[in-house]
*Asks:* 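Before I ask anything, let me first share the structure, which is written out below as structure tokens.
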Amino acid sequence: NELIAQGISTSGIQLNPEDVEKQLQLLVTQSGGADGFKVELAKGDITEAQLRQNIAKQLTVQAYLSQNVDMKSISVSDKEVKEFYDKYSKEQKAGGAKTVPELKGLSAEIKQQLTLNKQQELVANFLTVLQSKANIVVPKPL
């Protein structure tokens, strides 16, 4: 987190307040309106201001990672989807499932999951590079 924060501070990324507002309004809508949103804030023990800060931080981190990790290079082949499905089917049947949904019904979800896995791997590799370049000093305990 610290390495990403330092990278963001030197990257010159400027967050558009309108993007934060759009994300906040999406959450209000998903909560069923202003009243539902207030209930969700109370459940989460968070204020709207804190939520705005969290959204801003999340969007800034996403922008920084987008700037430094080539997510557009990710592709998932039909072969990868089929291999994942075959493994999933085998595990389900070994676990006692009598039926497993057909591949065509799960294909989009599998592709999305495999894409997410590849994104996480690219981010982890980027973080490893950041760590290898960083001069990390751990303070001695008092």
Side-chain angles (χ1 to χ4, degrees), residues 1-97 100-142:
N1 287 339
E2 181 60 29
L3 292 174
I4 289 175
Q6 289 177 12
I8 289 169
S9 69
T10 60
S11 70
I13 292 174
Q14 296 294 318
L15 186 63
N16 183 346
E18 291 173 6
D19 293 336
V20 174
E21 188 60 33
K22 285 179 189 175
Q23 188 67 34
L24 185 71
Q25 290 309 311
L26 179 63
L27 293 173
V28 170
T29 301
Q30 290 174 345
S31 301
D35 291 338
F37 180 67
K38 288 178 185 176
V39 169
E40 292 300 319
L41 286 175
K43 279 184 192 176
D45 194 28
I46 189 170
T47 66
E48 186 175 324
Q50 290 170 321
L51 181 59
R52 283 178 187 275
Q53 286 178 328
N54 291 349
I55 291 169
K57 183 176 181 178
Q58 179 185 19
L59 292 175
T60 305
V61 168
Q62 287 174 351
Y64 177 68
L65 291 175
S66 292
Q67 225 178 45
N68 291 282
V69 179
D70 183 13
M71 300 290 187
K72 292 178 182 166
S73 68
I74 295 173
S75 65
V76 175
S77 69
D78 291 340
K79 180 181 177 187
E80 290 172 297
V81 171
K82 175 83 168 88
E83 288 171 354
F84 183 94
Y85 175 80
D86 290 344
K87 182 180 175 187
Y88 165 79
S89 295
K90 188 175 183 179
E91 290 171 356
Q92 291 299 306
K93 289 175 183 173
V100 177
E102 292 185 28
L103 173 58
K104 67 180 178 179
L106 296 176
S107 182
E109 290 176 42
I110 292 171
K111 192 169 192 169
Q112 183 179 16
Q113 182 61 52
L114 291 174
T115 300
L116 181 62
N117 292 352
K118 288 182 178 189
Q119 288 173 342
Q120 290 172 340
E121 185 178 336
L122 286 175
V123 169
N125 291 342
F126 174 66
L127 292 176
T128 300
V129 170
L130 284 181
Q131 288 174 335
S132 70
K133 294 178 180 179
N135 180 18
I136 300 172
V137 178
V138 179
K140 294 180 181 178
L142 298 175

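As a basis for the values below, the full set of heavy atoms in this structure was taken, side chains included, without hydrogen atoms, waters or symmetry mates.
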*Asks:* Does the side chain to side chain contact (heavy atoms under 4.5 Å, CB included) test come out yes or no for Val76 and Ile110, once each step is laid out?
*Replies:* CA-CA 10 Å; Val76 175; Ile110 292 171; over 6 Å; no

*Asks:* Is any NZ, NE, NH1 or NH2 atom of the basic residue among Glu80 and Lys111 found under 4.0 Å from an Asp or Glu carboxylate oxygen of the other?
*Replies:* no

*Asks:* Salt bridge check, Glu121 against Lys118: does any charged N sit closer than 4.0 Å to a carboxylate O?
*Replies:* no

*Asks:* May I ask you to say whether Glu48 pairs ionically with Arg52, meaning some side-chain N is under 4.0 Å from a carboxylate O?
*Replies:* yes

*Asks:* Taking CD in Gln112 as the centre, count heavy atoms belonging to other residues, nucleotides or ligands within less than 6.0 Å. Is the count above 12?
*Replies:*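 At most 12 heavy atoms, drawn from other residues, nucleotides or ligands, come within 6.0 Å of this atom.
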
*Asks:* Would you be so kind as to tabulate the donor-acceptor pairs closer than 3.5 Å made by side chains of residues 1-9, with sequence neighbours excluded?
*Replies:*
unit_1 : atom_1 : unit_2 : atom_2 : d
Glu2   : OE2    : Gln6   : NE2    : 3.0
Ser9   : OG     : Gln6   : O      : 2.8

*Asks:* Working to the nearest 0.5 Å, report the span between CD1 of Ile74 and CG of Leu122.
*Replies:*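 Ile74 atom CD1 to Leu122 atom CG measures 4.5 Å (nearest 0.5 Å).
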
*Asks:* Closest approach of Pro101 and Tyr85, non-hydrogen atoms and distance?
*Replies:* O-OH, 2.7 Å

*Asks:* Step by step, would you call Gln119 with Leu116 a side chain to side chain contact (heavy atoms under 4.5 Å, CB included)?
*Replies:* CA-CA 5 Å; Gln119 288 173 342; Leu116 181 62; 3.8 Å; yes

*Asks:* Side chains of Gln113 and Asn117 only: does a donor on one sit below 3.5 Å from an acceptor on the other?
*Replies:* yes

*Asks:* Once rounded to the nearest 0.5 Å, what's the spacing between atom CD1 of Ile55 and atom CG of Leu24?
*Replies:*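 Reported to 0.5 Å precision, the distance equals 5.0 Å.
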
*Asks:* Return yes if some donor-acceptor pair links the side-chain N/O of Thr128 with the main-chain N/O of Ala124 below 3.5 Å, else return no.
*Replies:*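 It does hold such a pair.
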
*Asks:* Which pair of heavy atoms, one from Ser107 and one from Val81, lies closest together, and at what distance?
*Replies:* OG-CG1, 3.8 Å

*Asks:* Compare every heavy atom of Val123 with every heavy atom of Val69, then report the nearest pair and how far apart it is.
*Replies:* CG1-N, 4.4 Å

*Asks:* In Å, rounded to the nearest 0.5 Å, how long is the span from CG of Leu130 to CG of Asn125?
*Replies:*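 It is 11.5 Å, given to the nearest 0.5 Å.
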
*Asks:* Run the side chain to side chain contact (heavy atoms under 4.5 Å, CB included) test against Gln92 and tell me which residues pass, sequence neighbours left out.
*Replies:*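 Applying side chain to side chain contact (heavy atoms under 4.5 Å, CB included) to Gln92 gives Tyr88, Ala97, Val100.
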
*Asks:* Taking atom CZ of Phe126 and atom CG of Asp70, what is their separation to the nearest 0.5 Å?
*Replies:* 12.5 Å

*Asks:* Report the distance from atom CD of Glu40 to atom CD of Gln30, rounding to the nearest 0.5 Å.
*Replies:* 10.5 Å

*Asks:* For atom CD of Gln14, is the number of surrounding heavy atoms from other residues, nucleotides or ligands below 6.0 Å larger than 12?
*Replies:*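 12 or below, so no.
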
*Asks:* If you measure from CG on Leu59 to CG on Asn54, what distance do you get to the nearest 0.5 Å?
*Replies:* 11.0 Å

*Asks:* Identify, with sequence neighbours excluded, every residue that meets side chain to side chain contact (heavy atoms under 4.5 Å, CB included) alongside Ala56.
*Replies:*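 Counting only residues at least two positions away or on another chain, Ala56 forms a side chain to side chain contact (heavy atoms under 4.5 Å, CB included) with Leu15, Val20.
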
*Asks:* In plain terms, say whether Asp78 and Lys82 are close enough for a salt bridge, that is, a side-chain N and a carboxylate O under 4.0 Å apart.
*Replies:*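 Here Asp78 does not pair with Lys82 in a salt bridge, since their nearest N and O are not under 4.0 Å apart.
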
